[in-house]
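Written below as structure tokens is the structure these notes are about.
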Amino acid sequence: CFFTFSPRLEDLRVKLENKGLFNISYVVVNHQGTYSQKKFHLLKERVSEYITVYQQDEQQDDVWTTLNGNKDDFLIYDRCGRLVYHLGLPYSFLSFQYVEESIKIAYCENKCGNCSYTEPDIDVICENITKKTDEKLSEIEPKPTGQHSHHHSLHRHRHHH
């Protein structure tokens, strides 16, 4: 399945970079099984030089076990190295918006105050991203039909695991 996943990850990387989200590290962890190790060179060829492919050694502790995850999970860390989101299937499918939105939130949230890892102009970039997301939500928000006088609104919830 990775061979269909890898071009989408590159597309997501480029999309986020075009929106001004720079210096995001992408790491693909190859399974440590014999079959996966034999296919490692094919995996490396399928991703751009901007995405690191990590090959586990068969003798080391499995990375996914150590991280309480599975091979198709996305673990999204903030710039300080804290786990912000752990997305498993089906939320890790790149055809959905969960991974992209989680990366944007991790990139833009500033939980620890001033940070030496913060990119210049991050406030403007993140403000534009938030504004566009809010505009998309208002476009899909149900419009009053005239029968009800109260207003329904959509709420975004962030689920941390």
Taking every heavy atom of K44 against every heavy atom of V53, the minimum-distance pair comes out as CD-CB, 3.6 Å

Quick one: does NZ or CZ of R82 land under 6.0 Å from the six-membered ring centre of Y77, within 45 degrees of the ring axis?
no

Hits for side-chain contact (heavy atoms from CB on, under 4.5 Å) against L12, two or more places apart or cross-chain, chain-then-number order -> L16, L94, V99, E100, I103

Residues 25-35 vs side-chain hydrogen bond (donor to acceptor under 3.5 Å, both in side chains), sequence neighbours excluded, gives N30-Q55

- Sidechain-backbone polar pair: S92 side chain, F74 backbone, donor-acceptor under 3.5 Å: no

All heavy atoms of C126 vs all of Y107, minimum pair found to be SG-CD2, 4.2 Å

Those residues at least two apart in sequence (or on a different chain) that pass side chain to side chain donor-acceptor pair (under 3.5 Å) with Q59 are none

Handout entry: Test item: D78 side-chain N/O and C80 main-chain N/O as donor-acceptor pair under 3.5 Å
Key = yes

Around F40, counting heavy atoms of other residues, nucleotides and ligands shown, do more than 12 lie under 6.0 Å from its CZ?
yes

Margin query: Between E109 and A106 (side chain of the first, backbone of the second, donor and acceptor by atom type, cut-off under 3.5 Å), is there such a pair?
Written below: no

Between L21 and K104, is a side-chain contact (heavy atoms from CB on, under 4.5 Å) present by the stated rule, with each step listed?
CA-CA 8 Å; L21 280 70; K104 289 176 187 176; 4.2 Å; yes

Residue set satisfying side chain to side chain donor-acceptor pair (under 3.5 Å) with D62, at least two apart, ordered chain then number -> Q56, T65

Open item on the list: Using the rule given for side-chain contact (heavy atoms from CB on, under 4.5 Å), can you reason through Y50 versus I24, listing the C-alpha separation, both sets of side-chain angles and the distance that settles it, and then say yes or no?
Closed with: CA-CA 10 Å; Y50 302 106; I24 297 174; over 6 Å; no

Interatomic distance, CD1@I105 vs OH@Y85, rounded to 0.5 Å, equals 3.5 Å

Contacts of E17 meeting side chain to side chain donor-acceptor pair (under 3.5 Å) (sequence neighbours excluded), chain-then-number -> R13

Give the C-alpha distance, both sets of side-chain angles, the deciding distance and a yes or no for side-chain contact (heavy atoms from CB on, under 4.5 Å) between Y54 and V28. CA-CA 6 Å; Y54 177 72; V28 174; over 6 Å; no

The side chain to side chain donor-acceptor pair (under 3.5 Å) partners of S48 (sequence neighbours excluded) come to E10

Applying side-chain contact (heavy atoms from CB on, under 4.5 Å) to F93 and not counting sequence neighbours gives L89, P90, S95, F96

Which of L75, T52, V63 passes side chain to side chain contact (heavy atoms under 4.5 Å, CB included) with V29? Answer is V63

When rounded to the nearest 0.5 Å, the distance separating CD1 of I51 from CZ of R46 is 11.5 Å

Rounded to the nearest 0.5 Å, the CG atom of N68 sits from the CG atom of D73 at a distance of 10.0 Å

Main-chain N/O of L83 paired with H86 side-chain donor or acceptor, under 3.5 Å:
no

Applying ring pair (Phe, Tyr, Trp, His ring centres under 6.0 Å) to Y98 and not counting sequence neighbours gives Y91

